[in-house]
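Okay, handing you the structure first.
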Amino acid sequence: MDREEYVERVLVMVERIPPGRVMSYGDVAEAVGVGGPRQVGRVMSLEGGAVPWWRVVRADGGLPLCHDGRALAQHRAEGTPLRSPERVDMELARWWPPDGPGGGTG
DNA sequence: GGTGTGACGCAGG
DNA sequence: CCCTGCGCCACAC
């Protein structure tokens with residue numbers, strides 16, 4: 001598993017996240033089956049500009065505004081279930097690829 | 001090889 | 001909700 005391979009998997013995974021839904025860094029890490037939440041976040045900071053990074057949030061629904069308030073604008077535009085002006089309702093927005101244990105969009 | 005850091009996650013106070 | 005401590009893996013010095 002080269003770094004490019006890992007980066008590719010993470011990026012394609014994030015792109016698979018449908019609008020109005022989100023995945024936590026840990027979920028993406030588990031979905032790709034390699035590395036951990038740190039590595040996912042790392043890839044995002046490097047190549048995240050090519051994917052809907054705002055659909056990737058912290059395990060507690062915290063938005064990555066460490067960059068820009070874009071995330072909030074996007075979630076508001078996509079209709080993501082928010083519990084707070086900058087927090088996502090994980091129990092509602094949490095998504096998992098239909099090719100995994102989730103078995104569906106929820 | 002050791003130390004410090006980070007778009008993280010969990011548990012305790 | 002707030003802060004703190006530990007674990008995690010990879011990168012930079």
Side-chain angles (χ1 to χ4, degrees):
Chain A
M1 178 69 76
D2 292 334
R3 287 190 298 287
E4 290 187 22
E5 188 71 16
Y6 180 67
V7 171
E8 187 68 18
R9 290 191 182 265
V10 173
L11 295 179
V12 298
M13 183 58 61
V14 175
E15 287 196 12
R16 285 176 67 75
I17 304 173
R21 292 302 193 89
V22 303
M23 287 227 299
S24 70
Y25 294 89
D27 285 350
V28 178
E30 188 178 345
V32 300
V34 183
R38 316 294 313 242
Q39 282 54 284
V40 175
R42 203 176 158 60
V43 174
M44 300 297 284
S45 68
L46 269 31
E47 307 288 346
V51 298
W53 54 270
W54 55 88
R55 288 179 198 160
V56 184
V57 303
R58 285 170 36 172
D60 62 347
L63 267 42
L65 324 78
C66 39
H67 271 278
D68 288 315
R70 308 282 179 211
L72 181 58
Q74 290 289 355
H75 289 303
R76 291 175 71 89
E78 296 181 356
T80 309
L82 269 36
R83 293 186 56 162
S84 170
E86 19 185 294
R87 279 250 321 207
V88 177
D89 190 337
M90 294 305 281
E91 295 210 6
L92 268 42
R94 206 179 195 186
W95 177 87
W96 190 270
D99 188 29
T105 54

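Convention: sequence-line order gives letters A, B, ...; per-chain numbering from 1.
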* Return the value, rounded to whole Å, for the distance between atom CH2 of A/Trp53 and atom P of B/dG6. => 19 Å
* Asked: Looking only at atom P, what distance separates C/dC13 and B/dA7, rounded to whole Å?
  ->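 Straight-line distance between the two P atoms is 16 Å.
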* Asked: Counting any heavy atom closer than 4.0 Å, what does A/Arg58 reach on the DNA or RNA strands: base, sugar-phosphate only, or nothing?
  ->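 Sugar-phosphate, no base atom in range.
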* Counterpart residues, side chain to side chain contact (heavy atoms under 4.5 Å, CB included), relative to A/Arg87 (two or more places apart) -> A/Asp60, A/Ser84
* To do: Kindly write out the residues that satisfy side chain to side chain contact (heavy atoms under 4.5 Å, CB included) with A/Val51, not counting sequence neighbours, or none if the list is empty.
  =>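 Listed in chain order: A/Leu11, A/Val14, A/Glu15, A/Met44.
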* Contact class for A/Gly26 (heavy atom, under 4.0 Å): base, sugar-phosphate, or nothing? ->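 The residue A/Gly26 makes sugar-phosphate contact but no base contact.
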* **A/Tyr25 OH to B/dC8 C1', straight-line distance once rounded to whole Å** =>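 The distance from OH of A/Tyr25 to C1' of B/dC8 comes to 8 Å, rounded to the nearest Å.
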* Does A/His75 reach the main-chain N or O of A/Trp54 with its side chain, forming a donor-acceptor pair under 3.5 Å? ->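 Here the side-chain-to-backbone pair exists.
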* **Start and end of chain A contact along DNA chain C [non-hydrogen atoms, under 4.0 Å]** =>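 So the outermost contacting nucleotides come out as C/dC8 to C/dC11.
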* Of all the choices, B/dA7, B/dG9, B/dG6, which nucleotide is nearest to the side chain of A/Gln39 once you look at every atom? ->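 From the listed options, B/dG6 comes nearest.
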* Quickly work out the A/Glu30 CD to B/dC8 C1' distance and round it to whole Å. => 14 Å
* Asked: Can you tell me how far P of B/dG6 sits from CG of A/Leu46, to the nearest Å?
  -> 15 Å
* Can you name the side chain to side chain contact (heavy atoms under 4.5 Å, CB included) partners of A/Arg76, sequence neighbours left out? ->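 A/Arg76 satisfies side chain to side chain contact (heavy atoms under 4.5 Å, CB included) with A/Leu72, A/Leu82 only.
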* How would you list, by chain and number, every residue that makes a side-chain hydrogen bond (donor to acceptor under 3.5 Å, both in side chains) with A/Glu5, sequence neighbours excluded? -> none
* A/Arg42 vs A/Pro37, nearer the 5' end of DNA chain C by closest nucleotide ->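 In this pair, the answer is A/Pro37.
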* **Pairing residues for A/Arg38 by the side chain to side chain contact (heavy atoms under 4.5 Å, CB included) criterion, not counting sequence neighbours** =>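 With sequence neighbours excluded, A/Arg38 shows a side chain to side chain contact (heavy atoms under 4.5 Å, CB included) to no residue whatsoever.
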